[in-house]
Amino acid sequence: MKKKNLMRSLALCLCLCLCFAACSGTGGSSSTARPASSSGGGAEPAVQGNSITFPLAEAKKFSLMVSCSYTGDPNDLVINQRIAEDTNVNINWVDLGTGTERLEKLKLLLNSGDYGDGIYSNVSITEADVSTYAAAGVLIPLEDYITEELTPNLWTLKQKSPESFAVETHQDGHIYALPRVSQYRPDYLESPIWINKEWLEAVDMDVPTTADELYKVLKAFKETDCNGNGQMDEIPLLINSTSGYMHFEAWLGMWGIPCKDSTYDSYLVVQDGVVKFAPLMDEYKDFLKFMNKLYSEGLIYNECFTATSAMVQSLLDSPDAAFGVVTTKSLNTNADQYICIEPPTVEGYTPKWYYHPGFMGVKCNFMITDKCDDPQTLMAWIDRYYNPELAFQTMYGPEGIVFDKVDGKFVAKEPPTGVSFQQLAQDNVMEYTGGPGVLYSENFGTLFDLTESQIAGQTAYGVYEKFLNDEVWPRPYLQAEQVSRAGQLRTDIFNTVSQMKAKWITGEADIDATYDQFKSDLEKMGIEEFVSIYQSAYDAFNSAMNG
């Protein structure tokens with residue numbers, strides 16, 4: 001049971017896009033790279049990568065800025081000792097602390113000029129900051145070091161998954177940071193629709209396949225004591241406007257608009273290569289009218305705009321099923337009562353469901369500064385992390401301590417008495433599930449077992465795979481000067497959209513009577529300039545994808 005609990009935790013972290021990856025085998029030619037041995041030391045033959053030979057004939061030291069949960073000296077960790085012995089590269093880890101202050105501490109160092117050779121993940125450095133410090137020359141371009149000879153694991157990732165480097169490519173054509181990649185596709189389906197099958201039986205209705213049928217089912221849920229607790233307290237449709245998975249925009253896919261709200265993807269969607277702002281599209285207006293109809297008849301959670309995360313969590317954890325329909329990655333109590341259904345169709349529209357761009361790669365996981373006097377060796381060193389054997393161990397715990405290797409697969413060890421398996425893992429890595437690395441799809445279930453959550457996720461992914469959008473908004477980098485301008489425009493635009501969305505759905509404002517004025521207001525606020533900024537960023541992403 002302890003092992004199952006650990007693997008559930010791993011899956012949850014992956015689902016939140018703290019995903020990682022590592023290539024199959026060495027991810028490159030066996031003549032140019034090898035994983036760190038589980039026993040440490042340099043007993044294996046040295047290998048040649050361009051002019052870099054590991055272990056180095058003479059020790060080399062680098063200084064890397066890092067924020068990690070491990071409270072001791074990272075060099076005391078067994079996995080880091082093994083890497084040091086295998087490479088003869090020693091790292092001075094500059095601890096930035098944890099929490100909100102870590103990014104501020106990093107900025108103080110970078111702005112003062114007193115900073116190390118590189119930045120090793122988990123600092124929460126923003127994409128805007130990467131653009132700013134790249135433009136200032138603090139961060140150096142890395143693309144010339146990604147070669148088959150010097151960095152074979154990264155080279156393999158680039159060949160197999162060019163999108164993983166396209167998302168890291170800036171509009172100047174340079175790559176200033178390395179990604180963390182996980183290719184377990186079901187992890188990135190965020191908001192599939194789940195419906196309570198027992199409630200359907202209680203109202204004697206079939207799974208809804210159209211928007212009209214969905215409305216009738218929700219109405220029946222409201223009028224029936226579906227959970228049998230003797231109270232008419234059923235919530236037909238659970239929506240929370242601040243949730244990453246259960247927000248209103250999750251339903252836009254029924255109208256063919258796969259996007260998230262301002263908090264995440266800025267209401268942006270791509271159609272035939274053109275970036276569009278969803279609230280200005282006719283589809284969005286039709287979506288609002290449908291949601292207003294549901295809300296006005298009490299079919300949507302009445303605290304959808306005001307509920308805290310704790311309030312929503314209490315509904316998910318309720319011993320009596322509290323809601324009939326929800327969009328979420330996973331369910332808690334009563335999960336066995338819910339089935340995943342295809343998006344109900346809306347006449348005149350083709351459903352396209354949102355797919356999180358994290359499958360391309362989580363950005364900003366390793367950067368090198370202009371202080372580094374030997375970026376070639378440092379890149380060859382970090383390349384070893386892009387290897388399934390090593391990436392898994394640096395994020396989840398080393399072989400021999402947290403895992404055993406059985407028939408080529410990492411198998412969880414039994415933890416010491418009084419220690420949870422998750423705690424054992426956390427005590428033996430710098431940052432649990434964090435850091436640069438890559439896992440290809442073929443590693444899941446072969447290099448390590450799928451978790452229960454991941455297995456469950458296959459069901460929903462199988463239902464939605466044919467509806468997934470093929471033009472995913474990739475969250476591309478803005479240029480340094482665009483970051484400031486987009487921020488200036490964003491505040492008024494997003495506040496207006498958020499306010500009017502709430503008014504329209506709750507009926508405080510009439511959609512038809514006020515929608516044209518809403519569009520006019522956004523034009524005055526600079527929505528065209530805002531979209532054009534992101535169009536240029538998307539065009540740069542496409543250029544990088546197409547070589």
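Every value quoted in this text rests on a predicted model; they were computed, and no experiment measured them. Worth knowing before you read on, the calculation uses all heavy atoms, side chains too, and leaves out hydrogens, waters and symmetry mates.
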ask   = Can you find a pair of side-chain heavy atoms, one from Ile193 and one from Cys340, that are under 4.5 Å apart?
value = no
task = Taking the six-membered ring for Trp and the full ring for Phe, Tyr or His, determine whether the centres of Tyr284 and Phe287 are under 6.0 Å apart.
result = yes
message = Check this for me: Asp204, atom CG, are more than 12 non-hydrogen atoms of other residues, nucleotides or ligands nearer than 6.0 Å?
response = no
request  = Any chance you could lay out the side chain to side chain donor-acceptor pair (under 3.5 Å) test for Thr306 and Glu303, step after step, and finish with the verdict?
outcome  = CA-CA 5 Å; Thr306 58; Glu303 300 290 337; 2.4 Å; yes
note = Scanning both residues in full, the closest heavy-atom pair of Ala391 with Gly437 reads CB-CA, 4.2 Å
ask   = Of the non-hydrogen atoms in Tyr215 and Glu297, which two are nearest, and what is the gap between them?
value = OH-OE1, 2.7 Å
query = Take atom NZ in Lys405; do more than 12 heavy atoms of anything else shown fall under 6.0 Å from it?
reply = yes
note = Here the pair of heavy atoms bringing Pro179 nearest to Leu157 is CG-CD2, 4.4 Å
message = We want to know whether Tyr461 and Gln454 form a side-chain donor-acceptor pair, criterion being a heavy-atom distance below 3.5 angstrom.
response = no
query = Does any N or O in the side chain of Ser161 come within less than 3.5 Å of the main-chain N or O of Glu163, such that one atom is a donor and the other an acceptor?
reply = no
query = Taking everything shown except Lys285 itself, do over 12 heavy atoms lie less than 6.0 Å from its NZ?
reply = yes
inquiry  = Looking at every heavy atom in both Thr328 and Met246, which two are closest together, and how far apart are they?
reply    = CB-CG, 4.1 Å
inquiry  = Checking the side chain of Ser243 only, and the main-chain atoms of Tyr245 only, is there a donor and an acceptor separated by less than 3.5 Å?
reply    = yes
request  = Answer yes or no: are there more than 12 heavy-atom neighbours, outside Asn546 itself, under 6.0 Å from its atom CG?
outcome  = yes
request  = Take Tyr534 and Phe530 through the test ring pair (Phe, Tyr, Trp, His ring centres under 6.0 Å) and record every step on the way to the result.
outcome  = CA-CA 7 Å; Tyr534 283 97; Phe530 180 81; 5.0 Å; yes
message = Quick check against the 3.5 Å criterion: does Asn365 have a side-chain atom that pairs as donor or acceptor with the backbone of Val362?
response = yes
N/O donor-acceptor pair under 3.5 Å between Asn387 side chain and Glu389 backbone = yes
query = Does a donor on one side chain sit under 3.5 Å from an acceptor on the other, for Asp539 and Gln535?
reply = yes
task = Could you tell me whether Lys260 and Glu190 make a salt bridge, using a distance below 4.0 angstrom between a side-chain N and a carboxylate O?
result = yes
note = Rounded to the nearest 0.5 angstrom, the SG-CZ distance for Cys226 and Phe323 is 13.0 Å
ask   = Are Tyr70 and Gln426 close enough that a side-chain donor and a side-chain acceptor fall under 3.5 Å?
value = no
key: Charged N-O contact under 4.0 Å between Glu223 and Lys219   = yes
request  = Determine the interplanar angle of the Phe277 and Phe494 rings, folded into 0 to 90°, and report it as parallel if under 30°, tilted if 30 to 60°, perpendicular if over 60°.
outcome  = parallel
inquiry  = Between Glu342 and Lys466, does the salt bridge (Lys or Arg N to Asp or Glu O under 4.0 Å) criterion hold? Intermediate values first, please.
reply    = CA-CA 10 Å; Glu342 294 185 357; Lys466 63 183 177 181; 3.0 Å; yes
inquiry  = Around atom CD of Glu347, are there more than 12 heavy atoms from other residues, nucleotides or ligands closer than 6.0 Å?
reply    = no
ask   = For Lys197, does its backbone N or O pair with a side-chain atom of Gln337 as donor and acceptor, under 3.5 Å?
value = no
ask   = Taking it one step at a time, do Trp255 and Phe290 satisfy ring pair (Phe, Tyr, Trp, His ring centres under 6.0 Å)?
value = CA-CA 11 Å; Trp255 286 263; Phe290 183 74; 5.6 Å; yes
task = To the nearest 0.5 Å, tell me how far Arg180 CZ sits from Phe366 CZ.
result = 14.0 Å
note = d(Thr169 OG1, Asn542 CG) to nearest 0.5 Å is 11.5 Å
message = Before we go on, tell me: are the rings of Trp504 and Tyr515 under 6.0 Å apart, centre to centre?
response = yes
task = Please answer whether the main-chain N or O of Ala322 pairs with a side-chain N or O of Glu234 as donor and acceptor at a distance below 3.5 Å.
result = no
request  = Tell me whether the centres of the aromatic rings in Tyr355 and Phe359 are closer together than 6.0 Å.
outcome  = yes
inquiry  = Nearest 0.5 Å, please: how far is CD1 in Ile505 from OG in Ser241?
reply    = 8.5 Å
request  = Decide yes or no on side chain to side chain donor-acceptor pair (under 3.5 Å) for Thr242 and Asn240, but give the supporting numbers first.
outcome  = CA-CA 6 Å; Thr242 61; Asn240 178 231; 3.0 Å; yes
message = Just to verify, what does Lys276 make a salt bridge (Lys or Arg N to Asp or Glu O under 4.0 Å) with, not counting sequence neighbours?
response = none
message = Can you see whether Tyr440 has Lys160 sitting over its ring - NZ or CZ less than 6.0 Å from the centre and within 45° of the normal?
response = yes
For Val531, the option from Val275, Ile493, Leu280 that meets side-chain contact (heavy atoms from CB on, under 4.5 Å) = Val275
message = Distance check, rounded to the nearest 0.5 Å: Met254 atom CE versus Tyr349 atom OH?
response = 11.5 Å
Audit row: Glu249, Tyr354, side chain to side chain donor-acceptor pair (under 3.5 Å) steps and yes/no = CA-CA 9 Å; Glu249 284 73 18; Tyr354 179 84; over 6 Å; no
inquiry  = Could you check whether Phe403 and Tyr396 have their ring centres less than 6.0 Å apart?
reply    = no
task = Please lay out, stage by stage, how Tyr184 and Gln458 fare under the test side chain to side chain donor-acceptor pair (under 3.5 Å).
result = CA-CA 10 Å; Tyr184 188 67; Gln458 290 177 334; 3.3 Å; yes
inquiry  = Suppose we screen for salt bridge (Lys or Arg N to Asp or Glu O under 4.0 Å). Which residues come up paired with Lys363, at least two apart in sequence or across chains?
reply    = Glu127
query = Any chance CG of Asp512 has more than 12 other-residue heavy atoms, nucleotides or ligands included, within less than 6.0 Å?
reply = yes
ask   = What heavy-atom pair brings Leu316 and Leu238 nearest, and what distance separates the two atoms?
value = CD2-CD2, 4.3 Å
query = Is the Phe248 ring parallel, tilted or perpendicular to the Phe305 ring (thresholds 30°, 60°)?
reply = parallel
message = To the closest 0.5 Å, what do you measure between CZ (Arg490) and CD1 (Ile527)?
response = 10.5 Å
note = Nearest heavy-atom contact between Asp225 and Gly230 is OD2-N, 2.9 Å
